[in-house]
Amino acid sequence: MLTTLRIKNLALVADLSVDLQPGLNVITGETGAGKSILIGALNLILGERADRTLLRSGADACTVEGVFDLRRLPAPLPAFLDANGLEPCEEGQLVLKRSFTSAGANRQFVNGSPTTLQTLSSIGEWLVDIHGPHDHQSLLHAPRQLAILDAFGGLQPARESFSALARRRLALEAEKTELVVDEKTYAQQLDLLRHQVREIADARLQPDEEAGLEEDYRRASNAARLLELGQAAAGLLGEEETALLNQAGALGRLLHELHRIDPGVASLMSLHEQAVAALGELQGELARYTERVELDPARLRALEERLNLLHALKRKYGPALTEVSAFGDEARRKLQALEQRDEELARLNAALAALDLELAAAGRELSERRRKLVPQLNKAVMKQLGAPSHPLRAIASSGEMARVMLALKTVLAAEDEIPVLVFDEVDANVGGETAQAVGEKMRQISRQRQVLCITHLAPVAAHADAHYVAAKQLRSGRTISEIRLLAPEERVEELARMLGGATTAARKHAEALLAIS
């Protein structure tokens, strides 16, 4: 369930935090008071594109944050978070955050981890189902009707199995299409693949060779300079008259005379000996280094040619040698398939024939199970409607369509795994006894799922477990929108307002609605 929604600088909202309750949460208020801002905020944290015109006037950035309690969510969300590199939920709480600025920056987070809009949208599909005043029109579409029927009968596994078979068939057809070409194209493909396989194979690539090769090339191409530097350093150490080792000898004689006069400077003699030993070791290492430096134009040319080859292969087949090797493996597989085209076509045709039989059997079984479900769903929905049935396209009233949608949601409440249902004025064009029935249906659905409902109808609002009111306030010369939870005694006043005003009759009607809800 959605436990907390925090909104900052969205439309008329400056800074708002709403704590929501289990069951049926109803939001009421005057037209334009800001009720639908909750829906806009929810849509943002569920991955909808940000409309910067909704940024509060004078503000640079908008932030929306939603906290969900997932302890009863059956969806495999922990595995999804891990697979997408997102932080896990702590104590069963999922935190979704979205921010955007007037400059165009757009950021989204899941449990503090930055993510993409697509990932946010995928998570949202498991959490919230929003129905606006026109969303029930989707009931007229055959795919939506099939989805409802499958949800009622628990046929999603069978439906997914059928879809998996269909995807396998498409993959086999794609393989077959690659093989079924005219002879000229076939010959061209063979030539190209053979060239690619041969070129990559002849290179005898080693995955880790490039770094070492570049280092060897850098040394070989700078061999003359390296030799010059090494010899100059060796000269400074011992080959010139003013070399360090010669100077060290003169220094030693001075220290020896100093020690003869003052034995207390023995430590200086020791340090001198260490310095001379270090310089001697350095001289030996420099000599060995300069001996290893090779002025070999042939080796330099070979290294350069090898590097050029690797760079050429990467330009053709991939940005890294591992990808070049992978391209070669795939080209070899395609070449083998093409060279054995007749055998491969026979294999694919046999696999397609077997798969067609599986698809036909699975399709027949799914269709038969659906046909058996239709009267059961019809009976269950009719219990909720209590009126003669008619084709959906024959129903002209959007109020009646809303009733059908609510009846379906009531029937599907136990099967539907989405924990939060939002109804945004779906009771438009509804009144009288129908409004009372709509409220009862929402209350019934809320026993299985958390429900948020924005409504203008008192008979619907009277069924709320938690009743919120949206209102405009004038603060510091600016209009802001606030949403607060009503105390039990305040509900009568709000329902009376919705029924026509603060009259005695309206109050008595409001009290009666609360008494029977």
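The first residue of the sequence shown is numbered 1, and numbering continues consecutively from there. Predicted, not measured: the structure shown is a model, and the values here were computed from it. What you see below is based on every heavy atom in this structure, not just the backbone, and it leaves out hydrogens, waters and symmetry mates.
- Remark: side-chain polar atoms of Gln450 are paired, donor with acceptor, to backbone N or O of Leu2 under 3.5 angstrom.
- Atom NZ of Lys8 is surrounded by 12 or fewer heavy atoms from other residues, nucleotides or ligands within 6.0 Å.
- The backbone N or O of Leu117 lies less than 3.5 Å from no partner atom in the side chain of Ser121, so there is not a single donor-acceptor pair.
- With contacts defined as side-chain heavy-atom distances shorter than 4.5 Å, the pair Asn111/Pro88 does not qualify.
- Side-chain atoms of Glu440 and Gln436, non-hydrogen and from C-beta on, do get closer than 4.5 Å to each other.
- Side-chain contact between Phe80 and Thr119 is present, with heavy atoms from C-beta onward closer than 4.5 Å.
- The shortest distance between side-chain heavy atoms of Leu457 and Val438 does not fall below 4.5 Å.
- When each of Lys97, Glu48, Arg98 is checked for a side chain to side chain contact (heavy atoms under 4.5 Å, CB included) with Leu120, only Arg98 meets the rule.
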inquiry  = If you apply the rule side chain to side chain contact (heavy atoms under 4.5 Å, CB included), what do you find for Thr101 with Asp60, and how did you get there?
reply    = CA-CA 6 Å; Thr101 68; Asp60 294 325; 5.9 Å; no

task = Please lay out, stage by stage, how Phe423 and Ile445 fare under the test side chain to side chain contact (heavy atoms under 4.5 Å, CB included).
result = CA-CA 12 Å; Phe423 298 106; Ile445 296 171; 4.3 Å; yes

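- You'll find the side chain of Leu96 reaches within 4.5 Å of the side chain of Leu127, heavy atoms only.
- Under the 4.0 Å criterion applied to side-chain N and carboxylate O atoms, Glu368 and Arg364 are not assigned as salt-bridge partners.
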request  = Using the side chain to side chain contact (heavy atoms under 4.5 Å, CB included) rule, take Glu210 and Glu214 through it: C-alpha gap first, then chi angles, then the decisive distance, then the call.
outcome  = CA-CA 6 Å; Glu210 192 170 14; Glu214 287 180 344; 4.0 Å; yes

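- Residues Glu494 and Arg491 are not paired through a salt bridge, judged by the lack of any N-O separation under 4.0 Å between the basic side chain and the carboxylate.
- A search for side-chain hydrogen bond (donor to acceptor under 3.5 Å, both in side chains) contacts involving Asp465 returns Arg447, not counting sequence neighbours.
- More than 12 heavy atoms of other residues, nucleotides or ligands lie within 6.0 Å of CZ in Arg52, so this atom counts as buried by the packing criterion.
- Put simply, the side chain of Asp15 does not reach to within 4.5 Å of the side chain of Ile480, judged on heavy atoms.
- Heavy-atom neighbours of Glu91 CD from other residues, nucleotides or ligands within 6.0 Å: at or below the threshold of 12.
- Within a 6.0 Å radius of CZ in Arg167, more than 12 heavy atoms belonging to other residues, nucleotides or ligands are found.
- Between the side chain of Asn9 and the backbone N or O of Ala61, at least one donor-acceptor pair lies under 3.5 Å.
- Using a 4.5 Å heavy-atom cutoff, the side chains of Glu87 and Val110 are not in contact.
- Using a 4.0 Å cut-off between charged nitrogen and carboxylate oxygen, Arg497 and Glu30 count as a salt-bridge pair.
- Judged by distance alone, with hydrogens and angles left aside, the side-chain atoms of Gln376 form a donor-acceptor pair with the main-chain N or O of Lys372 at under 3.5 Å.
- The shortest heavy-atom contact between Gly23 and Ser446 is C-CB, 3.5 Å.
- Under a 3.5 Å cut-off, the side chain of Lys508 and the backbone N or O of Thr503 do not form any donor-acceptor pair.
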